[in-house]
Colleague: 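First the structure, then my questions, so here it is.
Order of the sequence lines fixes the chain letters, A, B, ..., with proteins taken first and strands second; residue numbering starts at 1 for each chain. The figures that follow rest on heavy atoms only: side chains count, while hydrogens, waters and symmetry mates do not. Given the structure is predicted, the values throughout are model-derived calculations rather than measurements.
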Amino acid sequence: MIADVKNLTFSYGEILALDNVEMELHKGAVGLLGPNGAGKSTLIRILLGFLTPDHGTGHVLGYDIQNQQQLIRKYVGYMPEDDCFIPGMDGVTFTSFLGELSGMPKQEAMKRAHEVLFYVGLEESRYRNVETYSSGMKQRLKLAQAIVHDPQLIFLDEPTSGLDPSGRKEILDLILDISSKRNINVLISSHILPDIESSCSHVMILSEGKMAAQGSLSELKQIDYSLYEIRTYGDDKEFLNKLKKMGCKIDLAEDKVIKVFLPPEKNHLEIFKLAQEEKVQIRHFVKSQTSLDDLFARVVGEE
Amino acid sequence: MTIKQKGYTHWDGELKTTQYPWTPITKKGIKLAFKKKFFKFTFFLTLIPAIVFLVGIYISERLEDFAFLTQDVDAVSFLKISPKYFNSYFTNDFLLFMIVVILVFCGAGLISDDLRYNSLQLYFSRPIRKKDYFLGKASVIAFFLFILTLVPGVIFLLMKILFSGSMTFIWDYPWLIASVFGYSVFITVFFAFYTLFISSVNKNRRYVSVLIFGVYVFSDILYGILHGIFNSDYFSLISIKANLQQVGAAFFGQNYPHQVSWMLSFLILVLICVVAGYVLNKKVRGVEVAK
């Protein structure tokens, strides 16, 4: 296990950002999902030691998050969500400077800075002042500074935000290369579900400061609820209400498709029975595979 | 095969834990200061008092070669090398003014740029503590200020010994070495706190530059006005320059330029440092938290 936290609670004044969060971070690429304000960035900042939790304990790479932040930061790379750079420096100076701050010898840091800038595709722009970089280049630069010291674990906070589709794909490819072939563990915080689905094997879903679900993506998609996609004819308002009362979760999809997440103890025939009672025709009924979007909607409760 | 084709490669070195993890911050800060327009020229101007005082030491030992100067009473008085001579260098208006100009160049952006471009989280995601960050930034200021204070002070002492060919001057004023060190460190620490404090209050470097310069100059102008109206030396306590000169006189055992206890001036400067330290500690953190 790469990191774990137990009963982690943190609040910004009266606003509870994290509420008794329990988490186990497995090797490989792990996605940290959640809507805006769910507490993803707060969790990463606590793991890095930027914030001290109100309660709870945790370890990253075996180091205590409250007493050994220095050691954690030595072996962890961090790509922040916001635009951030040090003005007045070119790309290679910036990257090597941050490598030096991590404890790399000056010459090594400079050599390595060239390597990682080549790797992230900034070879042509490495001598340009960082203030002149475009948004996509800044994202790449942030990734370069996060990997310059060859960390064992990288925290990527919204790594694809502000990127066009091709830039997004390139960054995701890099992340996939780092995590799958190079034995570096990655925690990707994002609310863009396809990004997580394409690059992570495990996910954790935070909702309103609570850990709503965590585990391997394939297992999470399959467990518990069965997903049925239905189309109805007639006034289905009461029908849907009764489905909810029955314990189903409802997600209204495009093209008038209703996604019904049926609890394991219920049988799909009960949907038909209820439709009959409410005089609603079911004109389309398909058992569907759950996607990460479905999982997210089910767990977070976006209906 | 290009690096990109090879994919990610591991670094086979070992990350070091040093006692001074702040040194890269200092080195980078110094380099960035020298990159600024007109900085080198301004810095050279700042060295003019040191050059003039050094020449003064040489002339004082060769008065027979500069006989025309001995006719001028003021010049003879100035060329008498004593602690007063050192006090004159360390507390002269031009030097203090130029120090503030240098601070505008090298210190204004030290923290304000980091706040503006969100780079604090980059620093603190490394094995850097808050004190390392402050030390790194303060050392940039210390580097330039020591060149203007401690280095000339030590050179003056050495040159006096060298030109006179005897240690008499040192035996006469053995405490002067401590005074030079003490006042250089004091003025450097004060200006480091002063600059970093102002640099942390705003994200705009230009605004910070105006503040660094403005607070220093305005405090002195205000003193001048109030002193003119009420004719009380106690108003010197509101002037940064006057307080520094007062403390300087105490360090070098000279008559105080203002009829106020030097301890009061000292306490006011220390108080500014304490407030600055408190604000800095609150303002600088790895993540902006609105509690």
Colleague: From Ile184(A) CD1 over to Tyr8(B) OH, what is the distance, rounded to the nearest 0.5 angstrom?
Modeller: 3.5 Å
Colleague: Once you round to the nearest 0.5 Å, how far does CD1 of Ile147(A) lie from NE2 of His10(B)?
Modeller: 10.5 Å
Colleague: Where does Glu14(A) contact chain B at under 4.5 Å (heavy atoms): side chain, backbone, both or neither?
Modeller: neither
Colleague: Taking Leu98(A), Leu71(A), Ile178(A) one by one, which has the highest count of heavy-atom pairs under 4.5 Å against chain B?
Modeller: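 Answer, by heavy-atom pair count under 4.5 Å with chain B: Leu98(A).
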Colleague: Given that the side chain runs from C-beta out, which part of Arg116(B) has a heavy atom under 4.5 Å from chain A: side chain, backbone, both or neither?
Modeller: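 When you check distances to chain A, no heavy atom of Arg116(B) falls under 4.5 Å.
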Colleague: Please classify the contact between Leu32(B) and chain A as side chain, backbone, both or neither, with a heavy-atom cut-off of under 4.5 Å.
Modeller: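 Leu32(B) touches chain A through side-chain heavy atoms alone.
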Colleague: Please flag which part of Leu174(A) lies under 4.5 Å from any non-hydrogen atom of chain B: side chain, backbone, both or neither.
Modeller: neither
Colleague: Please check if atom CZ in Phe39(B) has more than 12 non-hydrogen atoms from other residues, nucleotides or ligands closer than 6.0 Å.
Modeller: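 Above 12, so yes.
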Colleague: Can you establish whether the number of heavy atoms outside Glu208(A) located under 6.0 Å from its atom CD is more than 12?
Modeller: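 Atom CD in Glu208(A) is not crowded, with 12 or fewer foreign heavy atoms closer than 6.0 Å.
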Colleague: May I ask you to name which of Pro105(A), Ala109(A), Ser41(A) has the most heavy-atom pairs under 4.5 Å with chain B?
Modeller: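 Between Pro105(A), Ala109(A), Ser41(A), the count favours Pro105(A).
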Colleague: Roughly how far apart are Gln121(B) CD and Phe50(A) CZ, rounded to 0.5 Å?
Modeller: 6.5 Å
Colleague: Determine whether the side chains of Arg73(A) and Ser125(B) contain a donor N or O and an acceptor N or O closer than 3.5 Å.
Modeller: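 The answer is no; no qualifying pair exists.
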Colleague: Is it the case that over 12 heavy atoms from other parts of the model lie below 6.0 angstrom from the CZ atom of Arg206(B)?
Modeller: no
Colleague: Please state whether the side chain, the backbone, both or neither of Ala146(A) comes within less than 4.5 Å of a heavy atom of chain B.
Modeller: backbone
Colleague: Contact part of Pro24(B) toward chain A, heavy-atom cut-off under 4.5 Å: side chain, backbone, both or neither?
Modeller: both
Colleague: Apply side-chain contact (heavy atoms from CB on, under 4.5 Å) to the pair Trp11(B) and Glu115(A), showing each step before the final yes or no.
Modeller: CA-CA 10 Å; Trp11(B) 176 59; Glu115(A) 279 180 18; over 6 Å; no
Colleague: Hey, are the side chains of Ile25(B) and Leu101(A) touching, using non-hydrogen atoms and a 4.5 Å cut-off?
Modeller: yes
Colleague: Please walk me through it: do Arg126(B) and Gln145(A) pass side-chain contact (heavy atoms from CB on, under 4.5 Å)?
Modeller: CA-CA 11 Å; Arg126(B) 311 280 151 178; Gln145(A) 65 79 29; 2.2 Å; yes
Colleague: May I ask you to check whether over 12 heavy atoms, not counting those of Phe146(B), lie within 6.0 Å of atom CZ?
Modeller: yes
Colleague: Find the distance between OG1 (Thr9(B)) and CZ (Phe118(A)) and round it off to the nearest 0.5 Å.
Modeller: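 Between Thr9(B) OG1 and Phe118(A) CZ, I get 12.0 Å after rounding to 0.5 Å.
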Colleague: Go through the side-chain N and O atoms of Lys74(A) and Thr17(B) and say whether any donor and acceptor fall under 3.5 Å apart.
Modeller: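 Side-chain D/A pair, Lys74(A) to Thr17(B): present.
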Colleague: For the CZ atom on Phe34(B), are there more than 12 heavy atoms of other groups (residues, nucleotides or ligands in this structure) within a distance under 6.0 Å?
Modeller: yes
Colleague: How close do Ser119(B) and Ile86(A) get, heavy atom to heavy atom, and via which atoms?
Modeller: CB-CG1, 3.7 Å
Colleague: Are the side chain of Asn118(B) and the backbone of Asp83(A) linked by a donor-acceptor contact shorter than 3.5 Å?
Modeller: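 Yes, Asn118(B) side chain to Asp83(A) backbone: donor-acceptor pair under 3.5 Å.
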Colleague: Please round to the nearest 0.5 Å and tell me the distance separating atom CG of Leu15(B) and atom CD of Glu108(A).
Modeller: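 If I round to the nearest 0.5 Å, the distance is 10.5 Å.
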Colleague: Say whether, by atom type as modelled, one donor and one acceptor occur between the side chain of Lys35(B) and the main chain of Gly88(A) under 3.5 angstrom.
Modeller: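 Yes.
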Colleague: Please classify the contact between Lys31(B) and chain A as side chain, backbone, both or neither, with a heavy-atom cut-off of under 4.5 Å.
Modeller: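 Interface part for Lys31(B): side chain.
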Colleague: Taking atom OH as the centre, does Tyr20(B) end up with more than 12 heavy-atom neighbours from other residues, nucleotides or ligands that are less than 6.0 angstrom away?
Modeller: no
Colleague: To the closest 0.5 Å, what do you measure between CG (Asp12(B)) and CZ (Arg112(A))?
Modeller: 9.5 Å
Colleague: Count the heavy atoms belonging to other residues, nucleotides or ligands that lie under 6.0 Å from CD1 of Ile51(B), then report whether that count exceeds 12.
Modeller: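 For Ile51(B), atom CD1 is crowded (more than 12 foreign heavy atoms under 6.0 Å).
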Colleague: If you count the non-hydrogen atoms of other residues, nucleotides and ligands that lie under 6.0 Å from CD in Glu124(A), is the total more than 12?
Modeller: no
Colleague: Which bit of Lys106(A) is near chain B, if near means a heavy-atom gap under 4.5 Å: side chain, backbone, both or neither?
Modeller: side chain
Colleague: Students often mix this up, so state it plainly: with edges at 30° and 60°, are the rings of Phe85(A) and Tyr117(B) parallel, tilted or perpendicular?
Modeller: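 Taking Tyr117(B) first and then Phe85(A), their aromatic rings sit tilted (interplane angle of 30° to 60°).
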Colleague: Flag the pair Thr23(B) / Glu100(A) as yes when at least one side-chain heavy-atom distance between them is below 4.5 Å, and no otherwise.
Modeller: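 No, too far: nothing below the 4.5 Å cut-off.
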Colleague: Can you pull the side-chain hydrogen bond (donor to acceptor under 3.5 Å, both in side chains) pairs that have at least one residue in residues 136-157 of chain B, sequence neighbours excluded?
Modeller: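 side-chain hydrogen bond (donor to acceptor under 3.5 Å, both in side chains) check on residues 136-157 of chain B returns Asp114(B)-Lys137(B), Tyr123(B)-Lys137(B).
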